[in-house]
Amino acid sequence: MSVAGSLSTGTPRSRDRVHGARRLTVVLALLLIVVSVVSLSSGATGTAIWPALKALATGQDLSALDRIVLVDIRLPRLIMGLAVGASLAVSGALMQGLFRNPLADPGIVGVSAGAGLGAILAIVLGGLLPLALRDLFGSYLISLAAFFGGWISTILLYKVATHGGRTSVATMLLAGIALAALVGALSGVLVYMADDTQLRDLTFWGLGSLAGATWTKVAAAGPIILVALLLAPALARGLNGLALGEATAMHLGISVQRTKRAAILIVAAATGAAVAVSGGIGFVGIVVPHLLRLATGPDHRTLLPNAALLGATLLIAADMISRSIVAPAELPIGIVTAVLGAPVFLAILLKRRNTLGL
Amino acid sequence: MRRFILSASLSAVLAAPALATDAQDRVVTIGGDITEIVYALGQQDRLVARDTTSNFPADVLDLPDIGYARALSPEGVLSIRPDLIIASDNSGPPETIEVLQEAGVTFVPVPEIYTPEGIAQKIAIVGDALGQGEAAQALADKVTAQLQAAMKPVDEHSPGVLFIISAAGGRITAGGAGSSADAIIAMAGGRNVMTSIQGYKQVSDEAVAAANPDVILMMDRVGDHGLTDDALFAMPAIASTNAAKTRSVVRMDGMLMLGFGPRVADAVTSLGAALHE
């Protein structure tokens with residue numbers, strides 16, 4: 001098995017796979033650059049990036065509209081798309097590795113549910129906050145609430161699942177399902193209390209969008225996601241070991257407990273921040289790692305960076321579709337990722353239903 | 001009076017080219033009621049885009065649609081290159097509104113208040129934004145006068161009305177106190193039977209049966225996905241009510257009934273006639 005290969009010197013087959021995965025990394029990086037440039041130069045206003053770059057290079061001033069569209073709308077949106085796409089895909093890969101379950105994604109440990117509850121609370125009850133507080137947070141109240149909701153639910157789950165210094169992944173999985181049910185019920189109560197306009201906000205929030213991208217949001221969520229993404233590759237060896245079972249991993253000299261704790265914290269931070277700025281964007285976290293595992297195998301050393309690249313590319317591409325298909329209006333991006341992602345996911349399931357043991 | 005209004009709006013129309021040099025020729029409206037006011041002021045030639053809820057008069061459908069009022073895309077709106085956006089005050093998201101304001105677009109929020117004064121105020125704000133203060137005053141006076149004439153008093157003999165915004169899956173979502181439906185029912189001389197809830201909420205079958213409405217009021221959806229009368233009156237919640245016994249259901253165009261624009265008097269007149277026939 002190639003996971004074992006990646007831990008020792010490796011069979012020819014696993015070396016081929018590692019080689020193939022590295023080549024894929026280069027291809028994905030180039031693809032990401034191309035998609036980013038296309039994304040920056042396309043949109044409803046039709047402002048292209050080349051005239052803008054030329055204007056900058058020749059010292060000419062950009063028109064006010066072009067400057068706002070490029071600098072204040074498309075650039076923060078691109079960066080947020082990069083960060084959120086990478087964060088969702090890497091979180092999915094980490095969760096699937098941690099739970100040794102191909103169906104895991106941040107939704108399953110209740111991070112997304114907790115973040116969603118935070119957002120719903122802010123939408124429905126935000127009006128009850130003292131005006132001074134509301135002014136302080138302004139339009140970022142929903143994002144902040146989502147972030148803290150994700151964090152608090154993760155910490156709760158971690159405490160429930162940790163007993164005598166050991167974290168039981170199975171307990172966490174079950175507690176996550178219970179928490180998601182509880183959060184679902186509380187959300188239901190709030191949805192019932194919500195008025196017509198708040199309900200529409202809830203619906204749109206649940207579908208996800210990068211339309212609210214601003215430099216403030218990039219500055220708030222970007223560093224958290226960046227740190228989480230930079231730390232993730234350090235867990236690759238531990239997760240590869242875990243794939244062989246906890247006992248084997250421990251015999252290989254892997255600190256199982258530390259790997260689990262770090263993976264959970266990274267997922268909570270990355271998913272919390274991503275959900276906070278973009279709402280609910282489905283299927284990236286679950287589909288991207290699967291595609292990559294099918295293409296180049298389950299070695300986390302290449303899976304994690306490739307997931308970051310492919311997740312970012314797919315989300316930016318989906319965002320381009322969401323804002324061009326009905327321009328000058330735009331579709332919530334969650335609709336696009338689900339429409340693209342669900343058939344791919346079904347195809348994977350059909351192709352692999354025998355090997356998945358389902 | 002009518003001659004005065006006519007001359008006032010005529011002079012406003014004639015004055016428009018002079019005002020148009022104020023670089024506010026590219027107007028976007030967000031909210032069907034606001035769009036209707038722009039048409040009523042004869043300023044529709046300045047409109048370059050509209051939102052999804054702006055569907056009257058039919059001409060407006062030729063303009064590009066910038067999407068749903070609470071989920072606007074900043075670049076989508078800017079691509080229209082508007083000078084002036086007149087928007088219902090719950091347009092959003094706030095980030096989009098911020099970017100638009102930074103982009104140097106004049107953004108005029110219009111509050112939604114479901115009273116005769118609220119409608120007059122709405123017309124005045126739209127008129128001021130378009131530099132059509134006098135014409136707007138005349139329009140507001142006209143609408144207010146028509147509305148006062150159309151409104152009927154409410155007392156204990158008024159018919160009890162249940163407004164159903166949705167009966168999807170056999171579950172009734174009704175218009176409660178403070179909703180736009182509540183306001184139009186009262187203006188038309190009806191008694192809203194669902195004032196125990198606030199806004200639009202799902203209500204239990206028992207609550208509907210206990211409220212015992214005399215008339216069911218619904219929106220007349222285009223390409224009617226709505227219920228047939230038979231299906232409506234067969235619903236357990238409704239079967240026992242007076243409305244089912246007399247088979248009383250009123251269906252009206254949603255934008256006309258709940259828009260609270262310049263056509264509000266028409267809505268009140270036809271609803272009042274339907275309720276008191």
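Naming: A, B, ... by sequence-line order, numbering from 1 per chain. As the structure is a prediction and not an experimental result, all values here were calculated from the model.
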- Pick whichever of A/A329, A/A327, A/A213, A/P332 has the most heavy-atom pairs under 4.5 Å with chain B. A/A329

N/O donor-acceptor pairs under 3.5 Å from side chains in residues 58-66 of chain B, not counting sequence neighbours:
residue, atom, partner, partner atom, Å
B/D65, OD1, B/T52, N, 3.2
B/D65, OD1, B/T52, OG1, 3.3
B/D65, OD1, B/G67, N, 2.8
B/D65, OD2, B/T52, OG1, 3.4

- Item | Nearest-0.5 Å distance that lies between atom CD in B/E75 and atom CZ in A/R74 | 4.0 Å

- Message: Under 4.5 Å from any heavy atom of chain A, what part of B/P93 do you find: side chain, backbone, both or neither?
- Response: neither

Name the atoms and distances for all side-chain donor-acceptor pairs under 3.5 Å in residues 273-282 of chain A, with sequence neighbours left out.
residue, atom, partner, partner atom, Å
A/S278, OG, A/A274, O, 2.7

- Message: Quick check on A/R67 against chain B: is it the side chain, the backbone, both or neither that has a heavy atom closer than 4.5 Å?
- Response: neither

- Given side chains that start at C-beta, do those of A/K217 and B/E95 come closer than 4.5 Å, heavy atoms only? yes

- Item | Contacting moiety of B/I80, where chain A heavy atoms sit under 4.5 Å | side chain

- Correct closest heavy-atom pair for B/P74 and A/I73 would be CB-CD1, 3.8 Å

- Message: Are more than 12 heavy atoms, taken from residues, nucleotides or ligands other than A/L186, located less than 6.0 Å from that residue's CG atom?
- Response: yes

- Hey, is CZ on A/F148 packed in by over 12 heavy atoms from elsewhere, all under 6.0 Å? no

- For chain B, which residues from residues 34-45 of chain A lie under 4.5 Å away (heavy-atom distances)? A/G43, A/A44, A/T45

- Please report the closest heavy-atom contact between A/I68 and B/E102, naming both atoms and the distance. CD1-O, 3.9 Å

- Mind checking what makes salt bridge (Lys or Arg N to Asp or Glu O under 4.0 Å) contact with B/D51, not counting sequence neighbours? none

- In this structure, OG of B/S73 is separated from CZ of A/R77 (nearest 0.5 Å) by 6.0 Å

